[in-house]
Structure formats: structure tokens, C-alpha cells
There are 2 protein chains.
Amino acid sequence: MLNQTVPLDRVFHALADPSRRGMVERLSRGPASVGELARPLAMSLPAVVQHLAVLEGSGLVRSEKVGRVRVCRIEPAALGTAERWIAERRTLWEHRLDRLGDLLAEDADASHRGRES
Amino acid sequence: MLNQTVPLDRVFHALADPSRRGMVERLSRGPASVGELARPLAMSLPAVVQHLAVLEGSGLVRSEKVGRVRVCRIEPAALGTAERWIAERRTLWEHRLDRLGDLLAEDADASHRGRES
DNA sequence: CATATACTTAAGCATATGCTTAACCAAACC
DNA sequence: GGTTTGGTTAAGCATATGCTTAAGTATATG
């Protein structure tokens, strides 16, 4: 498994901003133009375009130009990468807690039997 | 559902750095001291402590001092928050794709029946 | 053809981030 | 009590981020 650190950096960084998460949220309900993405945000259009560039750079969003409007859509794969990383860490400490639980159980068991070992 | 935007900002920002993810990864296998966390990283101890502060600020990690060594542990809840946010977005566009699939199915159905509507 | 619309590009700026080194503090060791 | 060990605090600095305004381009629309 290749150590793909760069995309994770970009995906998590992209998600670390509430405006960008708002855009992802909007796009998860369906495609939208830059103007539509900008409407709910209290900032200039160029600022929104910069956020969009971060999202595209992370692979979370892709866009194409149709006439004079740019249509943006979500790109599920990148979100999956982030979700998977988190899930893997969770699995690790869950297993660790399992082993800890086993140890405690053994311990309890041992003390019932009169603390051998 | 309260709009808890601040912790998500911090959690995603904390995860956006490979050194910090490395620390989380290490801690997901069990508690560690600051020195242990620093060992694999090519940077000064104060830099590591600053990363640790970011992780603690996000709620991903908590630590306590035992004698002269600081013991750090992972805090599962924060990771869960991030995972949940992503999962919710995924659910949204999956449902959207379902509806889209329904539409296409209806469409195909309609064209079989001779393109009504 | 003229004008409005929907971006796009460029430049500039304030603040935040990610380090560094130097100096300091307190628990453990000899 | 002196020294090593493990961490902490402070200051400084280079670069990155997140905006802004101003000006430009290309596609509709009347």
C-alpha cells in the first residue's frame, strides 16, 4: 500500500474550512454553478473561486464550463479516502481496547482462581 | 441539530498535517510520551509540542503529566465527529444517485411504452 | 451592435502556520 | 547536591492562507 500522504493532506485541509464544507454540502445535494455556491457565503466571488480551487485541488470537487457558467459536482472518491483513513484508525484502537478488555478479563479470571502467574 | 462548526474546523485542520496524522496513528496503537511521539519526526521537540497542542485543541488527543513525562492518549469521540460528517454527506449524494437512478429507470420505462409525457 | 451576466485574473495585504534556537524548570539519578 | 532527562516557554522568522478591490474576458440577451 503506497504511502499516499499528499491527497489526505489536501482533502482534510479542504474540509477544515466552514465555507468549503458548505460548498461540499451543497454539492452533495446536486451540481451547482459558481454563483449558486457563492450565494449563501458572505464573501466576494473571487474568494469563492479560490475556495473552489482548493476543493478541486483536493479532488473533492470537479467542474466543467458550460457556456458561460461553470458547473461543479462532488467527486465521491476523495471523501471516501478521508473516511477510510479515519475508519482505519478507529479499527486500530478498537482492537487495542479489545485486547485490553481481554487482559482485564484474564486478570479478573486469574484473581478468581487465586492470582496465579 | 446544533451547527457545531468550530470543532469540525479544528478536527479536520488537525488531521491535515502528516506529522499530526502520524501522531494520531501512533496513539491509536496505545498511549505514548511526547518523546516517543517526537522520535519518528524530523523536527525539534518544541515543534512536536506545538503539533500536540493543535491535536489537544481539536479534542483528538488528551494528555496528562505523570512525574516528568507527559502521557498522551487518543480521544475517540473527535475522530467519530469527523467520520460522521463525511458519512452524512455520502448518504446525501447516495440518496441523490438513487433518485437519479429512479428517474433514469422511469425514463427507460417510459420510452419502452412509447415516450409519453 | 450594445449591454448585462458569469465568471476570471492579478495584485496587494493582514493574519495564521510551522518551524527554528535559546533559555528555563522540575523530576530522576548518582 | 550536581547532573542528566524530559519537557516547557519565549521570541523570531519565512511562508501560506484567506480575504479584498480593480480590471479583464467570454457568453448570452434585447
Side-chain angles (χ1 to χ4, degrees), chain A residues 5-27 30-74 78 82, chain B residues 5-27 30-74 78 82:
Chain A
T5 167
V6 178
L8 269 180
D9 282 20
R10 296 199 182 172
V11 168
F12 282 129
H13 173 247
L15 292 177
D17 181 278
S19 304
R20 287 194 291 260
R21 280 200 309 279
M23 294 166 76
V24 168
E25 186 135 11
R26 168 64 188 80
L27 292 176
S33 70
V34 174
E36 283 179 278
L37 291 179
R39 198 158 0 253
L41 301 176
M43 66 181 72
S44 68
L45 202 62
V48 173
V49 173
Q50 283 169 23
H51 281 304
L52 185 59
V54 172
L55 288 170
E56 294 208 52
S58 75
L60 281 166
V61 169
R62 100 190 111 91
S63 74
E64 54 175 332
K65 200 125 190 205
V66 178
R68 69 183 168 183
V69 22
R70 175 170 296 277
V71 178
C72 311
R73 339 182 151 268
I74 207 167
Chain B
T5 168
V6 179
L8 270 181
D9 281 21
R10 297 198 181 174
V11 170
F12 282 128
H13 172 246
L15 293 177
D17 181 277
S19 303
R20 287 194 291 260
R21 280 199 308 280
M23 293 166 77
V24 168
E25 186 134 11
R26 167 64 188 80
L27 292 176
S33 71
V34 175
E36 282 179 279
L37 291 179
R39 199 160 357 256
L41 300 176
M43 67 181 71
S44 68
L45 201 64
V48 173
V49 172
Q50 281 169 23
H51 282 304
L52 185 60
V54 171
L55 287 170
E56 294 208 52
S58 74
L60 281 166
V61 168
R62 101 190 111 89
S63 74
E64 53 176 333
K65 203 132 188 201
V66 178
R68 69 182 168 183
V69 26
R70 176 169 297 277
V71 178
C72 310
R73 338 183 150 269
I74 208 167

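FYI, side chains are in, hydrogens and waters are out, and symmetry mates aren't considered; it's all heavy atoms of this structure. Numbered from 1 within each chain, the chains take letters A, B, ... in sequence-line order. Model, not experiment: these values are computed from the prediction.
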Quiz item: Do any side-chain nitrogens or oxygens of B:Arg68 fall under 4.0 Å of OP1 or OP2 in C:dC29?
Solution: no
Quiz item: Which nucleotide in the set C:dG18, D:dT8, C:dA6 lies at the smallest distance from any side-chain heavy atom of A:Val69?
Solution: C:dA6
Quiz item: To the nearest Å, how far apart are B:Glu36 CD and D:dT5 P?
Solution: 16 Å
Quiz prompt | Phosphate OP1/OP2 of C:dT20 contacted by B:Ser44 side-chain N/O (<4.0 Å) | solution = yes
Quiz item: For the pair made of CG in A:Leu45 and C1' in C:dT8, what is the distance, rounded to whole Å?
Solution: 9 Å
Quiz item: Between B:His51 and C:dC19, is there a side-chain N or O to OP1/OP2 distance below 4.0 Å?
Solution: yes
Quiz item: Between A:Lys65 and C:dT8, does any side-chain N or O lie under 4.0 Å from OP1 or OP2?
Solution: yes
Quiz item: B:Arg20 versus B:Leu60: any side-chain heavy-atom pair under 4.5 Å?
Solution: no
Quiz item: OP1, OP2 of C:dA16 versus side-chain N and O of B:His13: anything below 4.0 Å?
Solution: no
Quiz item: Is there a side-chain contact between A:Glu56 and A:Ser63 (heavy atoms, below 4.5 Å)?
Solution: yes
Exercise. Kindly give the heavy-atom pair with the smallest separation between A:Phe12 and B:Ala16, and that separation in Å.
Key: CB-CA, 3.6 Å
Quiz item: Expressed in angstrom and rounded to an integer, what is the separation of B:Arg39 atom CZ from D:dG7 atom C1'?
Solution: 14 Å
Practice problem: Between B:Arg70 and A:Ser19, just flag the one whose closest nucleotide in DNA chain D comes earlier from the 5' side. | Solution: B:Arg70
Quiz item: Do B:Leu55 and B:Met23 have side-chain heavy atoms sitting under 4.5 Å apart?
Solution: yes
Quiz item: What are the two closest non-hydrogen atoms of A:Lys65 and A:Gly67, and how far apart are they?
Solution: CG-O, 3.6 Å
Quiz item: On DNA chain D, nearest-nucleotide positions of B:Gly35 versus A:Pro46: which is more 5'?
Solution: B:Gly35
Exercise. Evaluate the criterion side-chain contact (heavy atoms from CB on, under 4.5 Å) for residue pair A:Arg70 and A:Val49; output intermediate values, then yes/no.
Key: CA-CA 11 Å; A:Arg70 175 170 296 277; A:Val49 173; over 6 Å; no
Quiz prompt | Protein-nucleotide distance (B:Arg10, atom CZ; C:dA16, atom C1'), rounded to Å | solution = 14 Å
Quiz prompt | Inter-axis angle, terminal five-pair segments of the helix from C:dC1-D:dG30 to C:dC30-D:dG1 [nearest 10°] | solution = 20°
Quiz item: Taking atom P of C:dA16 as reference, at what distance in whole Å does atom CD of B:Gln50 sit?
Solution: 15 Å
Self-check item: Spacing between B:Leu52 atom CG and D:dT9 atom P, to the nearest angstrom
Solution: 12 Å
Self-check item: Distance, rounded to the nearest Å, where A:Arg21 contributes CZ and D:dG18 contributes P
Solution: 12 Å
Quiz item: Whole-Å distance between C:dA6 P and A:Glu64 CD?
Solution: 18 Å
Quiz item: Do A:Arg21 and B:Leu8 come within less than 4.5 Å of each other through their side chains, counting heavy atoms only?
Solution: yes
Practice problem: For A:Ser33, report the nucleic acid contact type (base, sugar-phosphate, nothing); a contact means any heavy atom under 4.0 Å. | Solution: sugar-phosphate
